[in-house]
Amino acid sequence: MKFYTWMMRKHLRTKAPVGDLARDMERDRQFPKDGDRASIRKYLEDNDACSGCLAAFERAWRKYERETGGAEAGGRSKEKGRHLPKVRVTGI
């Protein structure tokens, strides 16, 4: 699952900075929906995202990786194709 899809499913209605980010992502027609961490970070910086937005993105990306096992790689860890355990983290 791509980060964009994960954000829409998990945080679109969240009343926290990560929810604000998700809603901004949804409204932005140019947002890199298939982007990896580096390309999304660069997009946010190039579009003058505030420090709070960047911090919310970094927290969300770490949670995304924990919950999906780095879904960009098909949900598998680099260790002999084993799935990483799903972790439930709150507070972002």
Side-chain angles (χ1 to χ4, degrees):
M1 176 184 314
K2 299 291 183 183
F3 178 74
Y4 180 88
T5 304
W6 180 83
M7 284 289 288
M8 295 304 107
R9 290 182 182 173
K10 298 282 284 189
H11 297 291
L12 196 57
R13 291 171 181 77
T14 302
K15 293 183 180 184
V18 70
D20 293 337
L21 174 60
R23 288 182 291 281
D24 289 344
M25 290 167 57
E26 181 185 43
R27 286 187 295 266
D28 183 351
R29 292 179 178 250
Q30 302 301 315
F31 190 86
K33 293 180 180 176
D34 292 332
D36 61 4
R37 183 193 166 279
S39 65
I40 294 172
R41 174 76 188 213
K42 181 174 180 354
Y43 179 82
L44 293 171
E45 290 171 345
D46 289 350
N47 285 278
D48 299 321
C50 68
S51 61
C53 175
L54 296 174
F57 166 69
E58 292 298 337
R59 286 190 305 272
W61 189 272
R62 287 190 300 271
K63 183 176 180 184
Y64 162 72
E65 285 187 324
R66 286 190 302 265
E67 288 187 5
T68 64
E72 296 295 323
R76 297 187 180 268
S77 74
K78 293 181 181 177
E79 296 179 350
K80 300 185 182 185
R82 294 184 340 193
H83 287 280
L84 294 174
K86 291 189 177 184
V87 177
R88 183 175 175 96
V89 178
T90 59
I92 66 167

Closest non-hydrogen atom pair, M8 against A22: CE-O, 3.2 Å

Kindly give the heavy-atom pair with the smallest separation between I40 and G35, and that separation in Å. CD1-O, 3.4 Å

NZ of K10 to CZ of F3, rounded to nearest 0.5 Å, is 12.5 Å

What pairs with R27 under side-chain hydrogen bond (donor to acceptor under 3.5 Å, both in side chains), at least two apart in sequence or on another chain? D24

Under the salt bridge (charged side-chain N to carboxylate O under 4.0 Å, His left out) test, residues paired with D28 that sit two or more places apart: none

Who pairs with R13 by salt bridge (charged side-chain N to carboxylate O under 4.0 Å, His left out), at least two apart in sequence or on another chain? none

For T5, give me all partners under side-chain hydrogen bond (donor to acceptor under 3.5 Å, both in side chains), at least two apart in sequence or on another chain. none

Single hit among K33, M7, H11 for side chain to side chain contact (heavy atoms under 4.5 Å, CB included) with M25: M7

Got a second to check how far Y64's OH is from Y4's OH, nearest 0.5 Å? 14.0 Å

Under 3.5 Å, which donor-acceptor pairs do the side chains of residues 46-58 form with other protein atoms, sequence neighbours left out?
unit_1 : atom_1 : unit_2 : atom_2 : d
D46    : OD2    : K42    : NZ     : 2.7
N47    : ND2    : Y43    : O      : 2.8
E58    : OE1    : R37    : NE     : 3.2
E58    : OE1    : R37    : NH2    : 3.0
E58    : OE2    : R37    : NH2    : 2.8
E58    : OE2    : R41    : NH1    : 2.8

